[in-house]
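In what follows, chains carry the letters A, B, and so on, assigned in the order in which the sequence lines appear, proteins first and then strands, with residues in each chain numbered from 1.
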2 protein chains.
Amino acid sequence: MALLGSGFDPGATNVFTAYIAKHYFDEIHTLDIIDVNGGDHGYPFATNFNPEINIREVTAECRHWENGEFVTTPAMSTRQSFTCPDGVGTYNIYRMYHEELESLVKNFPSLKRAQFWMSFGESYLKHLEVLGNVGMTGIEPVDFNGQQIVPIQFLKRLLPDPASLGPRTKGKTCIGCVVTGVKDGKFETVYLYNICDHQECYAEVQSQAISYTTGVPAMIGAKMMLEGKWLQPGVWNLEQLDPDPFMADMNRYGLPWTVIEDYQS
Amino acid sequence: MALLGSGFDPGATNVFTAYIAKHYFDEIHTLDIIDVNGGDHGYPFATNFNPEINIREVTAECRHWENGEFVTTPAMSTRQSFTCPDGVGTYNIYRMYHEELESLVKNFPSLKRAQFWMSFGESYLKHLEVLGNVGMTGIEPVDFNGQQIVPIQFLKRLLPDPASLGPRTKGKTCIGCVVTGVKDGKFETVYLYNICDHQECYAEVQSQAISYTTGVPAMIGAKMMLEGKWLQPGVWNLEQLDPDPFMADMNRYGLPWTVIEDYQS
């Protein structure tokens with residue numbers, strides 16, 4: 001058996017979607033995955049994981065699902081303000097492409113729209129704009145003194161190692177899914193989310209919340225297979241399997257989640 | 001004979017100072033060299049000459065002369081707004097170190113204060129701040145895949161070739177000296193400046209005003225030696241020689257200058 005993409009997003013967000021669809025709706029119509037990182041590492045610019053992947057992801061054109069097809073819009077061109085629950089704060093979130101949209105729209109064909117949103121601070125975006133302007137985020141090799149150098153890989157060499165951010169990062173992540181749909185003929189909105197504290201994660205495992213929220217769902221996915229709860233031949237996305245045992249383990253292994261019914265955004 | 005630094009600044013600005021001291025004062029007390037480039041090349045970020053020299057100059061600590069010694073202040077920490085004459089416009093100018101201060105304070109020991117100022121736009125400074133933050137303006141080699149790479153030299157490779165800016169650059173430069181001092185017991189302020197138009201320069205020599213204002217004084221310095229007007233054994237700064245024939249040639253070869261007496265800044 002192969003289980004695809006068992007991190008937080010993709011991963012937990014796929015299971016969140018399946019759990020909401022299973023327990024709160026007859027049919028789901030829209031999905032907004034919202035990934036807020038309210039953490040501050042105190043550096044003017046650093047990326048929370050591999051800078052090359054991070055920057056490629058952010059500078060890529062946005063693709064979201066709408067009325068049966070993926071629609072392309074310029075990178076970072078759609079923004080809204082989002083207030084996280086439980087006092088985590090209000091952040092600017094930007095619509096961008098994220099790979100879990102691909103399988104989710106296939107496995108929930110009733111979805112009329114599916115979007116992914118991520119928070120970015122002003123300073124992060126300023127740095128990204130400038131680095132893009134001068135060509136430092138380029139992925140094509142450049143001839144330099146007879147050597148072939150990929151600018152974004154040289155930039156990665158200069159930036160702080162994401163692993164070094166752990167002890168410095170304060171604040172919380174808030175990642176979840178807002179789903180609308182119909183239950184018993186009535187229109188409903190449900191928000192399911194996890195909040196994770198960078199410093200509590202670091203105290204527990206010497207790594208901040210970005211690593212923690214990625215690693216724990218990877219462990220749970222493996223556990224689901226090893227315990228036989230999800231074990232079946234084939235290649236599977238997480239939303240295709242029963243979400244209940246995975247969601248129970250999220251609560252048990254440090255990533256407790258909350259559901260808000262009748263959610264007002 | 002060796003003639004040191006015969007560009008515009010250093011170069012013409014040294015001769016401007018000598019000319020003002022010779023013709024307008026018994027003793028000069030303060031000197032402010034003000035270098036405004038009101039040109040716009042339409043790129044988000046590019047440097048007007050060798051980016052490595054340009055960025056090293058701007059990110060260096062500021063040194064200015066005051067009461068008999070050089071005083072060090074943080075790079076770009078002192079700013080003022082300066083309105084150029086003849087409608088060139090109003091710009092933010094920043095105090096920075098420039099090498100002509102070294103010889104000018106030696107050759108005009110009556111100077112109580114000598115400062116150099118240069119204009120920079122908001123976008124230029126934003127790019128410089130970000131590139132500095134991520135280490136791209138660093139001058140020490142970094143090990144990258146077993147090769148030693150100096151970040152600022154790789155950045156230079158990515159930026160537009162300064163020579164390519166010529167046909168794109170619009171606007172004017174305005175470079176000159178504001179000198180205060182005493183004449184016949186009376187306090188006076190004199191401003192002597194040249195204004196140069198980027199597109200007129202390009203039409204004439206296929207290069208914009210930064211190259212033009214640097215190249216013409218180099219030619220005039222050589223001409224002064226070849227014609228015997230400045231020829232004498234030794235190593236000389238321009239302000240140590242008679243400014244009058246040099247100033248006459250500035251008018252003759254495309255860099256006409258203007259003096260404002262009783263200048264009000």
So which residues of residues 30-47 of chain A are in contact with chain B at a heavy-atom cut-off of under 4.5 Å?
P44(A), F45(A)

If the contact rule is any heavy atom under 4.5 Å from chain B, which residues of residues 150-163 of chain A qualify, in numerical order?
P151(A), Q153(A), F154(A), L155(A), R157(A), L158(A), L159(A)

Could you pull out all donor-acceptor pairs under 3.5 Å where a side-chain atom in residues 70-81 of chain B meets a protein atom, sequence neighbours excluded?
residue: T73(B); atom: OG1; partner: R95(B); partner atom: NH2; Å: 3.4
residue: S77(B); atom: OG; partner: P74(B); partner atom: O; Å: 2.7
residue: T78(B); atom: OG1; partner: R95(B); partner atom: NH2; Å: 3.3

If I take atom CD from residue Q147(A) and atom CG from residue N145(B), how far apart are they, to the nearest 0.5 angstrom?
9.5 Å

So salt bridge (Lys or Arg N to Asp or Glu O under 4.0 Å) across residues 124-153 of chain B, not counting sequence neighbours, yields K126(A)-E129(B), E129(A)-K126(B)

